[in-house]
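Heads up, the thing below is written out as structure tokens.
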Amino acid sequence: MNNRLYGNLIFELSKPGRRGYSLPKNEYKHKLGELPAHLLRAKDAELPECDEMTVVRHYTNLSHNNFGVNDGFYPLGSCTMKYNPVINEELAALKEFAGKHPLQPADTCQTLLFIYHDLQKQLCALTGLSEFTLNPCAGAHGELTGLMVIRAYHQSRGDDKRTKVLIPDSAHGTNPASAAVCGLEVVEVKSDPDGLVSLEHLEELVKEQGESIAAMMMTNPNTLGIFEKNIPEIAKLVHDCGGLMYYDGANLNPMLGYCRPGDMGFDVMHINLHKTFSTPHGGGGPGSGPVGVREGLECFLPTPRVVYDEETNEYSVETGDYEQSLGSIGSFFGNFNVMVKAYCYILSLGKENIRMVGPLATLNATYIKESLKDDYLLPIGGLNKHEFVFDGLKDKSTGVTTMDVAKRLLDYGYHAPTIYFPLLFHESLMIEPTENESKETLDGFIEVMHQIAQEARENPELVKTAPHLTPIGRVDDVLAAKHPVVTFRQMQQEL
């Protein structure tokens with residue numbers, strides 16, 4: 001059996017007596033028998049026995065079955081899985097950065113503290129906000145921190161009744177989850193036929209529940225990739241009833257360098273450094289979710305904080321007497337490695353070239369949308385920004401679903417776009433190319449998508465039974481989730 005094609009388990013390659021290593025002699029005085037009995041195994045560990053070449057080839061072959069942004073086009077919508085320039089990775093890996101310890105004295109890591117402090121200033125300039133904290137370790141962590149800032153603000157004024165957060169029905173799933181974790185009640189705001197926040201429904205909610213509204217969370221452009229053109233009216237409604245405006249920065253790419261949330265009337269926001277500023281995210285990390293606030297809310301930001309002393313020209317770490325601060329929200333200063341990459345990315349583009357990010361993200365997405373709309377159903381027309389959503393194939397008579405299209409893409413060597421999200425459409429297919437991809441790459445993807453649509457019309461079973469060229473065929477996702485096989489012994493028995 002070809003291990004590269006079929007992906008044998010390492011246990012299946014095991015042969016009794018084979019060794020891939022040799023340990024040095026025990027240089028310590030104690031012997032195995034002198035260890036406490038409760039630390040000893042009752043029997044030898046059941047480990048595979050393989051030579052070094054078998055182990056190296058096995059895991060190298062497995063890695064070839066894993067898809068990443070370095071392998072090919074990754075059109076995952078709502079996530080901005082962008083390419084990360086290698087130079088940023090190299091800089092972040094320098095021992096001067098990677099080898100530092102968060103507890104070492106401030107005078108031994110002035111460069112790191114400078115980067116931390118200056119990155120905050122850069123983010124303020126890009127967003128129009130007054131101050132940032134880089135402490136949150138992920139986007140959802142940033143959401144929670146931002147909502148905690150909003151709660152602290154209301155409580156500082158003795159307004160404890162504000163416990164509701166307005167969230168559009170097209171919001172990211174983390175928005176209502178973060179609000180719930182913060183102890184706030186989620187109130188859904190409906191979308192209008194154009195995919196925008198319904199002003200009519202928002203007005204009703206504000207009229208009925210205005211005194212209990214703490215904030216409204218918005219993503220702009222929204223999850224459909226559409227710019228929320230009514231933000232001034234929305235902000236006025238929320239502010240007039242005493243609430244604050246929260247900006248989810250997950251879709252900041254198409255706005256970068258052209259418009260700023262702070263200028264739109266937002267009071268608090270988080271940025272996903274790992275989405276917009278160089279570090280591709282996914283698989284659990286790494287992430288960074290800095291939170292910014294308008295003037296007047298700085299006192300509520302968490303500690304510790306990096307402070308610059310103009311007289312001594314030195315940076316220090318303060319946990320200090322910040323009476324209204326949230327206090328610590330995590331260990332130290334978040335994921336510094338991600339911050340270094342973001343800082344390098346911003347400096348390498350500069351204030352002139354960073355203005356190219358938004359137009360290119362919008363151009364790439366629009367090009368794909370216009371090229372495919374004859375084969376795929378576009379439920380909402382008009383200008384989109386960095387991403388857009390199809391409602392599956394235009395020809396519904398084929399019976400081919402969005403899931404089928406996603407599986408067939410694997411046979412052509414493409415990662416699937418986001419499917420079945422947002423929940424506004426039954427067969428959602430969300431595509432986001434990001435600003436980094438070339439026209440040649442986009443043309444290749446467009447050609448394959450047209451080919452799949454043609455297959456659906458002429459030979460729908462071919463698409464419905466895909467993938468055909470991957471190490472395994474279509475799996476039963478529900479069965480795998482409910483009854484996962486996680487041990488080799490159990491797998492042998494079932495086979």
Side-chain angles (χ1 to χ4, degrees), residues 73-81 168-173 190-198 219 221-229 251 254 361-412 414-434 437 439 441-467 474 477:
F73 184 41
Y74 213 122
L76 203 67
S78 191
C79 285
T80 320
M81 188 73 69
D169 55 11
S170 62
H172 291 160
K190 296 177 182 177
S191 298
D192 65 21
D194 295 325
L196 302 172
V197 169
S198 169
T219 304
N222 64 26
T223 306
L224 298 174
I226 302 172
F227 186 88
E228 292 280 359
K229 62 182 180 180
N251 294 343
T362 301
L363 177 64
N364 283 353
T366 302
Y367 179 60
I368 294 178
K369 182 193 73 173
E370 293 298 318
S371 299
L372 292 179
K373 67 181 183 180
D374 289 340
D375 274 334
Y376 295 84
L377 180 61
L378 186 66
I380 297 178
L383 178 66
N384 64 280
K385 294 299 180 182
H386 65 303
E387 65 187 4
F388 60 93
V389 180
F390 285 130
D391 191 5
L393 285 163
K394 205 167 190 178
D395 186 355
K396 302 298 183 184
S397 67
T398 65
V400 173
T401 66
T402 285
M403 175 67 80
D404 298 330
V405 173
K407 295 296 185 182
R408 185 59 175 151
L409 274 169
L410 300 178
D411 286 333
Y412 288 98
Y414 286 96
H415 193 285
T418 299
I419 61 175
Y420 299 114
F421 180 82
L423 304 177
L424 296 174
F425 312 115
H426 186 61
E427 292 290 331
S428 289
L429 185 71
M430 179 189 284
I431 299 174
E432 178 185 357
T434 77
E437 301 293 349
K439 182 177 181 296
T441 297
L442 303 184
D443 285 338
F445 176 72
I446 290 167
E447 182 181 353
V448 166
M449 290 291 282
H450 280 308
Q451 178 65 29
I452 294 173
Q454 183 178 341
E455 291 172 349
R457 291 189 294 269
E458 298 175 356
N459 186 7
E461 283 305 309
L462 177 67
V463 186
K464 291 179 181 181
T465 55
R474 191 175 300 204
D477 295 328

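Keep in mind that the numbers below use all heavy atoms, side chains included, and drop hydrogens, waters and symmetry copies.
Rounding to the nearest 0.5 Å gives a distance of 11.5 Å between CG of Leu429 and CG of Leu378. For the atom pair CG of Leu393 and CG of Asp404, the computed distance is 9.0 Å after rounding to the nearest 0.5 Å. Atoms CD and CG, on Glu387 and Asn364 in that order, are 13.5 Å from each other to the nearest 0.5 Å. Here the CD atom belonging to Gln454 is positioned 13.0 Å from the OG1 atom belonging to Thr398, to the nearest 0.5 angstrom.
Of the possible polar contacts, none joining the His386 side chain to the Pro221 backbone as a donor-acceptor pair under 3.5 Å is found. Checked by atom type and distance alone, the side chain of Asp169 pairs as donor or acceptor with a backbone atom of Ser191 at under 3.5 Å. A donor-acceptor pair under 3.5 Å is formed between the side chain of Thr223 and the backbone N or O of Ser170.
Scored by the ring pair (Phe, Tyr, Trp, His ring centres under 6.0 Å) test, Phe390 finds Tyr376, Phe388 as partners (sequence neighbours excluded). The side chain to side chain donor-acceptor pair (under 3.5 Å) search around Asp194 returns none, not counting sequence neighbours. Every residue meeting the salt bridge (charged side-chain N to carboxylate O under 4.0 Å, His left out) condition with Glu370, not counting sequence neighbours, appears here in chain and number order: Lys373. Residues meeting the side chain to side chain donor-acceptor pair (under 3.5 Å) test with Asp192, sequence neighbours left out: none. Residues that satisfy the ring pair (Phe, Tyr, Trp, His ring centres under 6.0 Å) test with Phe445, not counting sequence neighbours, are Phe73, Tyr414.
Counting heavy atoms from C-beta on, the side chains of Glu432 and Pro75 never come closer than 4.5 Å. Counting only heavy atoms from C-beta outward, the side chains of Asn384 and Leu224 never approach each other to under 4.5 Å. Between Leu442 and Pro433 there is a side-chain heavy-atom pair separated by less than 4.5 Å. The closest side-chain heavy-atom distance from Lys464 to Val400 is below 4.5 Å.
Heavy-atom contacts from other residues, nucleotides or ligands closer than 6.0 Å to NZ of Lys396 number more than 12.
A salt bridge links Arg408 with Asp411: the distance from a Lys NZ or Arg NE/NH1/NH2 to an Asp or Glu carboxylate oxygen falls below 4.0 Å.
For the pair Pro417 and Met430, the tightest heavy-atom approach, listed with the atom from each and the gap, is CB-O, 3.0 Å. When every heavy atom of Pro254 is checked against every heavy atom of Thr362, the shortest pair comes out as CB-OG1, 3.9 Å. Closest approach of His450 to Asp375, counting heavy atoms only: ND1-OD2, 2.7 Å. Shortest non-hydrogen contact noted between Leu409 and Val448 is CD2-CG1, 3.7 Å. Nearest heavy-atom pair, Ile446 versus Ile368, reported as atom, atom and distance to 0.1 Å: CD1-CA, 4.1 Å. The shortest heavy-atom contact between Val463 and Ala456 is CG2-N, 3.9 Å.
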Under 3.5 Å donor-acceptor pairs involving side-chain atoms of residues 418-428, not counting sequence neighbours:
unit_1	atom_1	unit_2	atom_2	d
Thr418	OG1	Gly77	N	3.0
Thr418	OG1	Gly77	O	2.7
Tyr420	OH	Met403	N	3.1
Tyr420	OH	Glu427	OE1	3.1
Glu427	OE1	Thr402	N	2.8
Glu427	OE1	Thr402	OG1	3.2
Ser428	OG	Pro422	O	2.7
Ser428	OG	Phe425	O	3.2

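No side-chain donor-acceptor contact under 3.5 Å links Lys385 and Asn251.
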Q | Evaluation steps, side-chain contact (heavy atoms from CB on, under 4.5 Å), between Glu447 and Gln451 | A | CA-CA 6 Å; Glu447 182 181 353; Gln451 178 65 29; 5.7 Å; no

